[in-house]
Amino acid sequence: MKLHIYEALAAYKKSRPARFHMPGHKASRRGFPLFRDAALDVTELSFSDSLESPNGIIASAQEDIAALLGAEHSYILTDGATAGVYALLYAVRRLGGKVAIARSSHKSVYNACALLGVEPYILQNNERDGVLLPPGPADVEAALAREPRITAVLLTSPDYYGNTADLAAVRKVCDRYGKLLLADGAHGAYLKFDPDLASEYAGAHAHAWVDGAHKTLPVLTQGAVLNVSDERLRRFAEEGLDLFRTTSPSYLVMASVEYGVKFMAERGAALIDAVKRELAFVRARLGKRGLLCYEGGKTLSLAVDFGSAGISPQAAYEALERRGVYAELCDARYVLFYLSPLTTAREIARMERAVRAVARTKSLRGSYTAAGELPAPGERKFSYLAAVGMPGEELPPLQAVGRVCARNAGISPPCYPVAVAGEQLTQQAAEALAAAKHTFGMQEGKVTVVNIGRKGHA
């Protein structure tokens, strides 16, 4: 495995250099003792290339990554998938027109639309077993037939719960209408290396897509990749990256992205198969004990329905942490365990034992309150861009029911909006926001609603 970036960093460390360059820790063992690999943390030097205009080790790493992922061009990101999403929507802005997105799109999609002045055409999601599903090809076709100004369709696939969009069918629809298909594939970077599910990988169908490599590959947090396979997008995507990527990228993160992709290309298939096999056994054993799991997901995740045992997901989540088992998130129905190809059989067994122990805890029984339906969209009163440009006032969610949202607000994670700008805030959405422990788009527990013709508007 040739690792262009890491090998250059390691050679520099081995030379025991006098570091008269950034960063300020200087790899000092006395002043910076907590971080042993700080000597690998460098800036743009003669040997280390530049992420902004690579022509050395970074360029070589990106060329290798593109070849492995099936892209024409790949760009390493050290700002998470968000920077890639912004670059994609910048390209849409430069090409003109609207973008069709799923309502359950990540907050970064909505934020980029607001920042760049791209009007989103929001495709509503269906629901199955308390989880939102991606829009289907019929939903996309109806949108394209209704709104010819749509330039591109941007779908999330897979999502947190492992649901995948039918990107193959959506691509055919997009081709028929002459539109671009973009994908936020942040949760599915490993799918490229899964022999059984490679066709579900975003890059198998999209003109451009983002891999949140750190989510499922052996990559440091914030490591991601923007991939482009359509030359119409290349120039504009690169312009977008120049605007939104940091000018101080982490070389450790860059090196880990190159490593993660190449590691998976060499060893991923066998590791993925092993984890999938263990997960299948866990689901079956839990089911025999009456503990249900969400069945719609295809990825390496496990959403356990503790409600089927009469236990509050939040109470189960906390009880698991007391046993040293940390899940990704819990919602009103599920506790979601997020695995990767590097999750071991021993770790999976420990997780299963903890789940079973929590399910048997008598003091937790009866703590579950049946979750209602997911909040339905409120009536749209203004376009998204019009609403985010209007003056607003902040109110507690339950006092704002019926008012039109001036900003999106949602629960974090999974970081998609419960309330969308331009729509009236519903009672269900207000209750969900008021009860959430962590939110986005709210200030001191308050939502921002449109304030036109009212005294004291902002």
Side-chain angles (χ1 to χ4, degrees), residues 82 85-86 89-90 92-93 96-125 127 132 135 139 143 146-147 149-152 154 156 184 244 332 372-458:
T82 294
V85 168
Y86 271 59
L89 284 161
Y90 175 84
V92 173
R93 176 68 180 86
K98 297 183 176 183
V99 61
I101 66 171
R103 182 179 180 82
S104 60
S105 294
H106 189 266
K107 60 179 281 190
S108 62
V109 174
Y110 287 94
N111 290 348
C113 285
L115 178 65
L116 295 165
V118 175
E119 184 67 48
Y121 185 105
I122 299 175
L123 304 168
Q124 302 302 335
N125 296 78
E127 177 186 347
L132 293 176
D139 302 309
R146 187 178 300 118
E147 179 50 87
R149 291 178 295 171
I150 293 173
T151 295
L154 194 162
T156 301
D184 176 359
F244 298 117
E373 294 183 359
L374 295 173
E379 184 178 351
R380 178 159 292 282
K381 295 295 185 179
F382 301 104
S383 72
Y384 177 77
L385 291 182
V388 297
M390 289 178 174
E393 66 174 318
E394 296 171 354
L395 293 173
L398 295 176
Q399 294 180 26
V401 172
R403 296 286 296 276
V404 178
C405 298
R407 306 287 184 273
N408 289 3
I411 298 169
S412 180
C415 294
Y416 56 72
V418 172
V420 176
E423 296 178 355
Q424 287 182 307
L425 182 66
T426 66
Q427 182 72 31
Q428 284 180 310
E431 291 174 354
L433 292 170
K437 185 176 182 180
H438 298 291
T439 61
F440 66 87
M442 299 177 66
Q443 298 294 325
E444 298 180 346
K446 298 178 180 180
V447 296
T448 303
V449 294
V450 170
N451 187 359
I452 297 178
R454 293 172 179 263
K455 292 182 179 180
H457 69 259

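In this text the structure is predicted, and so the values were computed from the model without any measurement. We use all heavy atoms of the structure for the numbers below, so side chains are in, but hydrogens, waters and symmetry mates are not.
Closest of all the heavy-atom pairs between A376 and T426 is O-CG2, 3.6 Å. Nearest heavy atoms, V109 versus S105: CB-CB, 3.9 Å. In plain terms, the two heavy atoms of I411 and A432 that are nearest each other are CD1-O, 4.0 Å. Shown here for V401 and A430, the closest heavy-atom pair between the two residues is CG2-CB, 3.6 Å. The heavy-atom pair separating G422 from A387 by the smallest distance is N-CB, 3.3 Å. In this structure, Q124 and P377 approach most closely via the heavy-atom pair OE1-CG, 3.1 Å.
Separation of atoms NZ (K446) and CG (L433) is listed at 15.0 Å; rounding is to 0.5 Å. Of the inter-residue distances, the one linking Y86 atom OH with N111 atom CG reads 4.0 Å to the nearest 0.5 angstrom. Separation of atoms NE2 (H106) and SG (C415) is listed at 4.5 Å; rounding is to 0.5 Å. Separation of atoms CD1 (I122) and NZ (K98) is listed at 10.5 Å; rounding is to 0.5 Å. Atoms OG and CG, from S104 and N125 in turn, are 3.5 Å apart once rounded to the nearest 0.5 Å. Going from atom CG of L89 over to atom CZ of F244 covers 9.0 Å, rounded to the nearest 0.5 Å.
Scored by the side chain to side chain donor-acceptor pair (under 3.5 Å) test, E379 finds K381 as partners (sequence neighbours excluded).
Distance alone, capped at 3.5 Å, places no donor-acceptor pair between the E431 side chain and the L398 backbone. Side-chain N or O atoms of Y384 include one that pairs as donor or acceptor with a backbone N or O of Y110 at under 3.5 Å. For the pair R407 (side chain) and A421 (backbone), a donor-acceptor distance under 3.5 Å is absent.
Between M390 and I452, the closest side-chain pair of non-hydrogen atoms falls below 4.5 Å. Inter-residue side-chain proximity for T156 and Y416 is flagged as unmet; no heavy-atom pair is nearer than 4.5 Å. R103 has its side chain within reach of E423: a pair of non-hydrogen atoms, C-beta onward, lies under 4.5 Å apart. The closest side-chain heavy-atom distance from V99 to C113 is below 4.5 Å.
Looking at V449, T448, N451, L425 one by one, the single match for side-chain contact (heavy atoms from CB on, under 4.5 Å) with L395 turns out to be V449. A side-chain contact (heavy atoms from CB on, under 4.5 Å) with I101 is found for one member of V118, L154, D184 and no other, namely L154.
Taking 4.0 Å as the cut-off between side-chain N and carboxylate O, R403 and E393 count as a salt-bridged pair.
Around atom CD of Q443, no more than 12 heavy atoms belonging to other residues, nucleotides or ligands sit under 6.0 Å away.
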